[in-house]
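After the structure tokens below, expect a handful of questions from me.
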Amino acid sequence: MYTLLADGREETIPGAVVPHGVPVLGWERKPHGWCRGDACVPAFRAAAAETPSGVDVAAFAELLGRMTVVDPDNRVIAVGETQDLTPDDAPDFTLDGLTLRDLRGTKVALVFWASWCGCRYDLTAWDGLHRELSPDGFTVISVSLDRDRADAAPWIADLTHPALIDADGTIAERYNVINVPTVVWIDESGRIARPQDTMTATDTFRELNGLSSEAATAALRSWVRTGDPGLTRDSVRAHLRVPTPDERRARLHARLATWLFRQSRTASARDHLATAALLAPHDLAIRRGLMPLDGVDPFGDAYFKLRTELETSGTPLYRPLPDWS
């Protein structure tokens with residue numbers, strides 16, 4: 001038996017190759033091909049993933065445009081999200097009872113944060129902006145990247161805006177979030193109005209990050225009230241960070257590491273974490289974000305060593321867009 005990690009869920013499957021007649025990733029074999037609802041993969045294409053003994057899960061996922069990483073020693077497979085990050089259709093998701101598409105007609109700021117980041121202290125300020133601007137058709141949705149839901153819980157207990165916890169990293173994967181704080185603006189039509197931006201709502205850590213919360217919140221208020229995001233559609237497209245294949249694969253190794261840490265398979269988890277760091281050394285959402293699962297203080301020496309490594313290599317920790325910063 002194998003464990004399959006896909007679509008934010010964990011399920012048990014017979015093996016890396018599942019017997020004929022067993023659904024794969026929600027798809028079922030029909031006479032003309034593999035189908036899920038009204039969508040179908042023609043039989044001649046699906047044949048590339050079919051063997052005499054069954055269907056190769058990783059090969060089938062690849063047919064769907066979904067990357068996979070298989071750990072045969074621990075009998076676990078991680079399947080990535082479909083890569084559909086474009087400026088004209090913000091990736092939809094359902095998490096903690098909220099579906100993004102249900103908010104069409106409302107401007108949305110996705111505010112990615114974590115308890116291991118000083119940006120946790122900005123949450124009350126973001127909540128204040130939510131209350132201030134909600135009459136103008138706006139909502140903040142904060143998304144914690146904490147892998148342990150209990151770490152995020154105390155920081156969101158008294159908030160009035162929707163506060164989600166992306167414990168498996170699937171939303172961060174879909175929006176290619178590589179550090180926090182990161183904010184994405186989505187307009188009433190579901191288009192990305194401002195791609196991944198390092199924005200703060202207070203100046204608590206301005207000496208460290210050099211960012212002006214006054215400029216950021218002024219830009220946000222202007223967008224909500226006038227519809228001007230400060231960027232043309234061409235600029236949005238140019239600044240949108242679409243993940244590379246290595247970044248996508250790193251996130252799958254991080255997902256396996258997360259699962260293995262939770263299973264107390266520490267040595268294997270560290271192997272996957274090391275692989276993720278090699279593939280995406282700049283991704284602090286992985287490298288710092290998984291420290292608590294490994295019993296490492298994300299505010300301690302390991303973090304400052306990582307910070308020095310990135311600064312020495314010229315890798316930016318913060319990536320604000322140029323128009324307001």
Asp148 bridged to Arg262 by N-O distance under 4.0 Å: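 Salt bridge between Asp148 and Arg262, a charged N being under 4.0 Å from a carboxylate O: no.
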
Without hydrogens or angle criteria, can the side chains of Ser115 and Arg120 be said to hold a donor-acceptor pair below 3.5 Å?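 Note: Ser115 and Arg120 side chains miss the donor-acceptor criterion.
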
Could you verify whether a donor N or O on one side chain and an acceptor N or O on the other, from His282 and Glu247, lie under 3.5 Å apart?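 There is such a pair between these side chains.
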
Heavy-atom side-chain contact between Glu10 and Leu4 under 4.5 Å: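 Not in contact.
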
Are Asp294 and Arg270 within salt-bridge range, i.e. N to O under 4.0 Å?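 Yes, Asp294 and Arg270 are salt-bridged.
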
Looking only at atom types and distance, does a side-chain atom of Tyr303 sit under 3.5 Å from a main-chain N or O of Asp297, one as donor and one as acceptor?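 Side chain of Tyr303 to backbone of Asp297, a donor-acceptor pair under 3.5 Å: no, none is there.
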
Atom pair OH/OG1 of Tyr121 and Thr200 - distance to nearest 0.5 Å: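 Answer for the OH-OG1 pair, Tyr121 versus Thr200, is 15.5 Å.
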
Taking Phe261 as the starting point, is it possible to reach Leu256 by hopping between hydrophobic residues whose side chains are less than 4.5 Å apart?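 They do not share one cluster, since no chain of ILVMFWY contacts under 4.5 Å joins Leu256 to Phe261.
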
Find out if a path of hydrophobic residues (ILVMFWY) with successive side-chain heavy-atom gaps under 4.5 Å connects Val70 to Leu5.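 No, separate clusters.
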
Is the closest basic N to carboxylate O distance between Glu50 and Arg29 below 4.0 Å?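 Arg29 and Glu50: salt-bridged.
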
How long is the straight-line distance from CG of Asp158 back to OG1 of Thr124, given to the nearest 0.5 Å?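 Here the interatomic distance stands at 10.5 Å.
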
Exactly one of Asp84, Asp166, Leu100 should register a side chain to side chain contact (heavy atoms under 4.5 Å, CB included) with Arg174. Which one does?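 Testing Arg174 for a side chain to side chain contact (heavy atoms under 4.5 Å, CB included) against Asp84, Asp166, Leu100 leaves exactly one candidate, Asp84.
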
How about Ser213 and Asp203: does a side-chain donor come under 3.5 Å of a side-chain acceptor?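 Note: Ser213 and Asp203 side chains meet the donor-acceptor criterion.
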
When clusters are formed by joining ILVMFWY residues with side-chain heavy atoms under 4.5 Å apart, either directly or through shared neighbours, do Leu260 and Ile286 land in the same one?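 Per the 4.5 Å side-chain linkage, Leu260 and Ile286 are not co-clustered.
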
Any side-chain donor near an acceptor of the partner, Thr139 and His161, under 3.5 Å: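 No, no side-chain donor-acceptor contact under 3.5 Å.
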
Judged by atom type as modelled, is there a donor-acceptor pair below 3.5 Å linking the side chain of His130 to the main-chain atoms of Val140?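 Confirmed, His130 side chain pairs with Val140 backbone.
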
Flag yes if Met291 and Trp113 sit in one hydrophobic cluster, no otherwise; membership is Ile, Leu, Val, Met, Phe, Trp, Tyr, and two members link when side-chain heavy atoms are under 4.5 Å apart.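 No, it is not one cluster - the side chains of Met291 and Trp113 are not joined through contacts under 4.5 Å.
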
From Asp197 atom CG to Arg194 atom CZ, the distance as rounded to the nearest 0.5 Å: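 These two atoms lie 5.0 Å from each other.
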
Just distance, no hydrogens or angles: give the donor-acceptor pairs under 3.5 Å from side chains in residues 176-187, sequence neighbours left out.
{"residue": "Asn176", "atom": "OD1", "partner": "Arg251", "partner atom": "NH1", "Å": "3.0"}
{"residue": "Asn176", "atom": "OD1", "partner": "Arg251", "partner atom": "NH2", "Å": "3.3"}
{"residue": "Asn176", "atom": "ND2", "partner": "Arg241", "partner atom": "O", "Å": "2.8"}
{"residue": "Asn179", "atom": "ND2", "partner": "Leu317", "partner atom": "O", "Å": "2.9"}
{"residue": "Thr182", "atom": "OG1", "partner": "Asn179", "partner atom": "O", "Å": "2.6"}
{"residue": "Asp187", "atom": "OD1", "partner": "Ser189", "partner atom": "N", "Å": "2.9"}
{"residue": "Asp187", "atom": "OD1", "partner": "Gly190", "partner atom": "N", "Å": "3.1"}
{"residue": "Asp187", "atom": "OD1", "partner": "Arg191", "partner atom": "N", "Å": "2.9"}
{"residue": "Asp187", "atom": "OD2", "partner": "Arg191", "partner atom": "NE", "Å": "3.1"}
{"residue": "Asp187", "atom": "OD2", "partner": "Arg191", "partner atom": "NH2", "Å": "3.4"}

Please walk me through it: do Arg147 and Thr258 pass side chain to side chain donor-acceptor pair (under 3.5 Å)? CA-CA 7 Å; Arg147 300 292 178 150; Thr258 297; 3.3 Å; yes

What side-chain donor-acceptor pairs closer than 3.5 Å can you find for residues 51-63, not counting sequence neighbours?
{"residue": "Thr51", "atom": "OG1", "partner": "Ser53", "partner atom": "N", "Å": "3.3"}
{"residue": "Thr51", "atom": "OG1", "partner": "Ser53", "partner atom": "OG", "Å": "3.2"}
{"residue": "Thr51", "atom": "OG1", "partner": "Gly54", "partner atom": "N", "Å": "3.1"}
{"residue": "Thr51", "atom": "OG1", "partner": "Gly54", "partner atom": "O", "Å": "2.9"}
{"residue": "Asp56", "atom": "OD1", "partner": "Ala58", "partner atom": "N", "Å": "3.1"}
{"residue": "Asp56", "atom": "OD1", "partner": "Ala59", "partner atom": "N", "Å": "2.9"}

Min side-chain heavy-atom separation Leu220-Leu129 under 4.5 Å: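 They are in contact (side-chain heavy atoms under 4.5 Å apart), so the answer is yes.
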
Distance from Thr202 atom OG1 to Glu214 atom CD, nearest 0.5 Å?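 It comes to 13.0 Å.
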
Verify, without hydrogens or angle tests, whether Asp146 (side chain) and Ile165 (backbone) share a donor-acceptor contact under 3.5 angstrom.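 No; judged by distance alone, with no hydrogens or angles, the pair does not exist.
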
Phe93 side, atom CZ; Glu173 side, atom CD - distance, nearest 0.5 Å: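 With rounding to 0.5 Å, CZ (Phe93) is 13.5 Å from CD (Glu173).
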
Distance-only, no hydrogens or angles: does the Asp127 side chain make a donor-acceptor pair with backbone N or O of Thr160 under 3.5 Å?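 Present.
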
Any side-chain to backbone donor/acceptor pair from Thr226 onto Ser222? Under 3.5 Å, distance only.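 Looks like yes, one N/O pair under 3.5 Å.
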
Assess whether salt bridge (charged side-chain N to carboxylate O under 4.0 Å, His left out) is satisfied between Glu309 and Arg287, documenting all intermediate values. CA-CA 12 Å; Glu309 171 199 319; Arg287 299 186 66 189; 2.9 Å; yes

Within this structure, what is the CG-CH2 distance for the pair Leu123 and Trp155, rounded to the nearest 0.5 Å?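 So the CG of Leu123 and the CH2 of Trp155 are separated by 8.5 Å.
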
Main-chain N/O of Leu133 paired with Arg221 side-chain donor or acceptor, under 3.5 Å: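 The answer is no, because no donor-acceptor pair under 3.5 Å joins these two groups.
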
Do side-chain atoms of Arg233 reach the backbone of Pro87 as a donor and acceptor pair under 3.5 angstrom?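 It does hold such a pair.
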
Would you say the side-chain atoms of Asp71 pair up with the backbone N or O of Val76, donor to acceptor, closer than 3.5 Å?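 No: the side chain of Asp71 does not pair with the backbone of Val76.
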
Would you kindly confirm whether Trp223 and Trp126 end up in one hydrophobic cluster when ILVMFWY residues are joined by side chain heavy atoms under 4.5 Å apart?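 Hydrophobic grouping puts Trp223 with Trp126.
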
Any donor-acceptor pair under 3.5 Å from Thr99 side chain to Asp102 backbone: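 The answer is no, because no donor-acceptor pair under 3.5 Å joins these two groups.
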
Presence of salt bridge, Lys107 and Glu188, under 4.0 angstrom: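 Lys107 and Glu188: salt-bridged.
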
Indicate whether any N or O donor in one side chain lies under 3.5 Å from an N or O acceptor in the other, for Trp34 and Glu28.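 The criterion, which ignores hydrogens and geometry beyond distance, is not satisfied for Glu28 and Trp34.
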
Please check: side-chain N/O of Arg288 versus main-chain N/O of Pro298, any donor-acceptor pairing under 3.5 Å?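 Indeed, once roles are kept as given, a pair shorter than 3.5 Å links the two residues.
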
